[in-house]
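Below is one structure, written out as structure tokens; comments come after it.
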Amino acid sequence: MISADHSCLTLFNCCRSLTSVKQIHAHLSKIGLDVDPLIAGKLILQCCTAISASLALTYAHHFFGCLKAPDTFMYNTLIRGYSESQSPGCSFELFNQLNRNSGCSGSPPRPDSFSFAFVLKAAANMSSFRAGSQLHCQAFLHGLDAHLFVGTTLISMYAECGRRNSARRVFDEMPQPNVVAWNAMLTACFRCSDLEDARALFERMPFKNSASFNVQISGFMKAGKVESARSVFNSLGLKDDVTWNTMIVGFAQNSYFDEALMYFRDMLHMGIRPTEVSLIGVLSACADAGMLVSAKILHGFVEKSWFLENISVRNALLDAYSKCGDVGMARSVFDHMTVDRNVISWTCMISGLAMYGRVNEAIQLFYEMEESGVQPDRITFISILYACSHAGLIEQGHSYFSKMKDVYGLDPGIEHYGCMVDLYGRAGKLAEAYKFVSQMPIEPTDTIWRTLLGACSIHGNVHLAQRAREKLMVLDPNNSSDRVLLSNIYAVIGQWKDVAAIRNSMSTERMKKDPGWSMIEVDKLAYKFTAGRNYSGFTQEAYEKLGEIMSRLKEGGGYVPEVKSVLHDIEDEEKEGSVALHSEKLAVAFGLKRLHKSKTIHVMKNLRICKDCHEFMKIVSQLYDVDIVVRDRSRFHSFKDGSCSCKDYW
DNA sequence: TTAGGGTTAG
């Protein structure tokens with residue numbers, strides 16, 4: 001056999017695609033070098049780490065299967081590759097194979113500390129306590145449970161499975177835990193929501209590094225303790241990039257959107273080089289808050305920066321545009337990607353189009369995704385099912401639901417069942433929806449019943465609504481929006497006694513309805529409006545403009561207030577007054593007053609838009625020749641020339 | 001040529 005020329009090894013370092021790996025492999029195979037252990041190992045490593053797409057993993061696995069005597073390194077590399085993939089279960093199969101071999105005669109490969117570290121990561125990623133604890137026993141049998149790296153991975157695995165006590169036992173049995181092991185234990189306390197224990201552990205730590213403080217900041221942020229996180233941050237002299245990122249991401253997760261932006265700016269002013277995490281964090285704040293202007297500024301920054309070809313940043317940008325109401329720009333970011341699109345790029349674009357009611361394009365994109373060789377995952381299916389349900393495409397939705405399992409081997413989760421209930425319910429097929437819920441192989445959750453209740457509210461089915469309500473009273477008795485929904489159903493059919501009963505029960509139990517608000521950005525500033533009369537500052541301007549719009553609408557616009565959405569047993573004239581002051585109307589009035597005429601008015605609302613406001617927006621868009629985009633809790637409504645992109649189906 | 005703790009978009 002020809003001896004391996006190890007300069008071949010460096011060739012693989014340049015491979016960034018499976019095609020180039022295949023080309024080098026074909027060449028080496030011709031001269032019989034591909035089976036050299038060093039070269040074969042490098043090939044597998046390159047597929048699993050540098051490329052790591054599922055096709056590359058499959059290629060490496062197939063090649064591995066053709067080798068006569070794969071070594072532990074090759075096993076480990078594949079186990080690692082699968083542990084971070086969409087099929088972490090394959091890590092277990094390979095590990096078991098390696099473990100079985102180790103009992104054979106001769107000198108077969110045996111699992112080592114690397115094998116355990118990687119396979120435990122797979123158990124952690126699957127949150128599988130059962131698999132993780134079995135591996136713990138195996139590690140004990142191999143004398144590796146006290147190994148510093150294996151022990152630390154065991155702590156993280158137990159933390160991921162929510163088993164703080166098991167994590168603690170591993171930690172307590174470590175002969176000499178180092179700072180990494182202490183940090184892993186600190187993370188475990190926060191993951192398992194044991195804040196007091198985390199504080200006590202932090203005080204006892206014999207050594208701390210910057211990661212220890214970052215664990216604390218992140219732990220407080222995830223627990224919603226923003227001020228505690230801020231005080232740790234302020235107490236630090238030296239802050240690294242992860243410290244800044246943790247603050248930015250934490251603010252975004254806790255809806256402190258302005259502060260996320262502010263800290264990003266501060267980070268730049270301090271001369272700290274932002275990473276992709278900083279950009280993802282700040283862009284997700286823009287997406288959630290609907291801050292289109294800020295997203296555009298960040299886009300400008302990205303175009304001039306070293307993030308130009310970063311797929312994660314591109315995806316975050318595309319998502320921000322689509323959630324801020326500019327699906328055209330989202331599509332442009334998607335179409336002009338110079339790096340290979342991944343499953344997240346496709347899914348973001350599909351869900352962006354779906355939220356806009358551009359369902360045919362979403363379906364076309366799903367098809368193109370399949371053609372391109374990128375496999376849809378669970379979230380892609382949620383997006384495409386959402387698209388079908390918001391367009392009333394029952395047959396098509398049903399066929400995607402089947403395809404999920406039959407073609408892609410993905411078991412539908414509770415979210416997918418939720419989409420199906422919504423698909424039937426929204427289309428008015430309430431009997432089918434109820435039958436589907438009754439026959440679900442997993443226990444219906446409160447969300448499933450709430451979806452059904454929502455459908456009953458659209459279609460006025462009091463009987464089924466009451467049944468859903470009974471279930472909800474057991475599963476989530478303190479939810480105010482469920483009661484509001486049921487009282488709406490009674491109000492529409494005029495059963496005022498039942499409306500009053502629900503209102504009374506809410507007031508005795510001191511429940512409050514979520515207050516509705518709408519937000520509009522003007523000259524880089526966000527203005528928030530709430531319903532009702534509140535004459536102060538900029539709101540005065542909005543009321544005056546709204547009054548003028550209303551008179552013009554009633555004179556020549558053919559607008560008749562739709563008062564069914566009003567819940568109280570009051571006279572129609574008063575109801576008119578009530579719907580007239582909904583926050584989205586005020587925001588649009590303010591936009592008409594302050595924004596340049598050629599601009600589109602973007603409004604973000606925290607609740608669903610009501611029928612009256614929907615009619616109002618249609619007529620205003622025609623009468624004032626202006627485009628209005630409203631993002632409500634579940635989708636976008638794009639009003640133009642008197643009609644809405646949702647085609648009145650929402 | 002492989003590891004463990006801190007931040008990551010749908």
Side-chain angles (χ1 to χ4, degrees), chain A residues 6 9-10 12-13 37-46 48-50 71-81 83 112-121 124 147-157 159 174 177-188 190 208-219 221-222 240-250 252-253 274-288 310-320 322-323 342-352 376-380 382-383:
Chain A
H6 293 151
L9 294 175
T10 52
F12 283 114
N13 288 339
L38 279 178
I39 292 180
K42 182 72 182 177
L43 191 152
I44 297 171
L45 180 67
Q46 203 64 20
C48 294
T49 56
D71 59 21
T72 304
F73 173 79
M74 297 174 194
Y75 270 102
N76 290 350
T77 310
L78 264 182
I79 293 171
R80 175 192 178 191
S83 74
D112 59 11
S113 60
F114 288 90
S115 327
F116 277 102
F118 295 140
V119 74
L120 280 167
K121 192 109 183 185
H147 186 281
L148 193 54
F149 280 54
V150 175
T152 310
T153 321
L154 277 168
I155 295 173
S156 304
M157 179 276 295
M174 280 182 145
N178 63 2
V179 68
V180 181
W182 276 93
N183 288 344
M185 193 57 230
L186 187 63
T187 306
F190 278 114
K208 292 168 188 149
N209 60 8
S210 114
S212 323
F213 291 95
N214 295 336
V215 169
Q216 246 204 338
I217 295 176
S218 155
M221 281 295 196
K222 290 208 170 99
D240 63 13
D241 56 344
V242 180
T243 316
W244 283 94
N245 292 346
T246 313
M247 290 302 285
I248 294 169
V249 169
Q253 286 166 344
T275 67
E276 68 169 33
V277 181
S278 336
L279 261 299
I280 290 170
V282 74
L283 281 166
S284 77
C286 293
D288 288 344
N310 182 306
I311 185 68
S312 307
V313 172
R314 290 268 140 202
N315 290 344
L317 200 54
L318 138 59
D319 190 49
S322 104
K323 288 191 176 145
N342 62 17
V343 61
I344 298 179
S345 332
W346 289 95
T347 306
C348 284
M349 198 61 244
I350 291 170
S351 96
D377 67 9
R378 314 175 65 80
I379 305 176
T380 321
I382 294 177
S383 307

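Order of the sequence lines fixes the chain letters, A, B, ..., with proteins taken first and strands second; residue numbering starts at 1 for each chain.
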Indicate, with a heavy-atom threshold strictly under 4.0 Å, whether [X] touches base, sugar-phosphate, or nothing.
X        : result
A:Ile382 : nothing
A:Val150 : nothing
A:Thr380 : base
A:Asn76  : base
A:Ser156 : sugar-phosphate
A:Phe213 : nothing
A:Val242 : base
A:Ser113 : base
A:Asp241 : nothing

Distance-only donor-acceptor test (3.5 Å): side chain [X], base [N]:
X        : N      : value
A:Asn178 : B:dG4  : yes
A:Thr347 : B:dG10 : yes
A:Asn183 : B:dG4  : no
A:Ser284 : B:dA9  : no

Nearest whole angstrom, please: distance from the [atom2] of [N] to the [atom1] of [X].
X        : N      : atom1 : atom2 : result
A:Leu78  : B:dA3  : CG    : C1'   : 16 Å
A:Leu154 : B:dG5  : CG    : P     : 12 Å
A:Arg80  : B:dA3  : CZ    : C1'   : 8 Å
A:Ile280 : B:dG10 : CD1   : P     : 9 Å
A:Ile217 : B:dG5  : CD1   : P     : 19 Å
A:His147 : B:dT2  : NE2   : C1'   : 12 Å
A:Leu45  : B:dT2  : CG    : C1'   : 7 Å
A:Asp319 : B:dT8  : CG    : P     : 15 Å

Tell me the closest heavy-atom pair linking [X] and [Y], and the distance in Å.
X        : Y        : result
A:Ile350 : A:Ser383 : CG2-CB, 4.0 Å
A:Thr153 : A:Lys121 : CG2-N, 4.4 Å
A:Val343 : A:Thr347 : O-OG1, 2.6 Å

Exercise. A:Phe114 vs A:Phe118 aromatic rings, parallel, tilted or perpendicular, using cut-offs 30° and 60°?
Worked result: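 The rings of A:Phe114 and A:Phe118 sit tilted, inter-plane angle from 30° to 60°.
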Using a cut-off of less than 4.0 Å, is there contact between a side-chain N or O of [X] and OP1 or OP2 of [N]?
X        : N      : answer
A:Gln253 : B:dT8  : yes
A:Lys323 : B:dG10 : yes
A:Lys208 : B:dG5  : no
A:Ser312 : B:dT8  : no
A:Lys121 : B:dT2  : no
A:Arg314 : B:dA9  : no

Exercise. Within a strict 4.5 Å, meaning less than it, do heavy atoms of the A:Thr187 and A:Ser156 side chains meet?
Worked result: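 Side chain of A:Thr187 against side chain of A:Ser156, heavy atoms only: no contact under 4.5 Å found.
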For this session: May I ask you to test the A:Lys208-A:Trp182 pair for a side-chain heavy-atom distance under 4.5 Å?
Result: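 No, their side chains stay 4.5 Å or more apart.
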Could you please name the option among [options] that lies closest to any side-chain atom of [X]?
X        : options              : result
A:Asn209 : B:dT2, B:dG5, B:dT7  : B:dG5
A:Ile344 : B:dG5, B:dA9, B:dT7  : B:dA9
A:Lys222 : B:dG4, B:dA9, B:dT7  : B:dT7
A:Thr153 : B:dA9, B:dG4, B:dG10 : B:dG4
A:Val277 : B:dA9, B:dT7, B:dG10 : B:dT7
A:Ala316 : B:dA9, B:dT8, B:dG4  : B:dA9
A:Val180 : B:dT8, B:dG4, B:dT7  : B:dG4

Problem set entry | Polar contact flag, side-chain donor to acceptor under 3.5 angstrom, A:Ser312-A:Asn315 |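 No, no side-chain donor-acceptor pair sits under 3.5 Å.
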For this session: Assess whether side-chain hydrogen bond (donor to acceptor under 3.5 Å, both in side chains) is satisfied between A:Asp112 and A:Thr72, documenting all intermediate values.
Result: CA-CA 8 Å; A:Asp112 59 11; A:Thr72 304; 5.3 Å; no
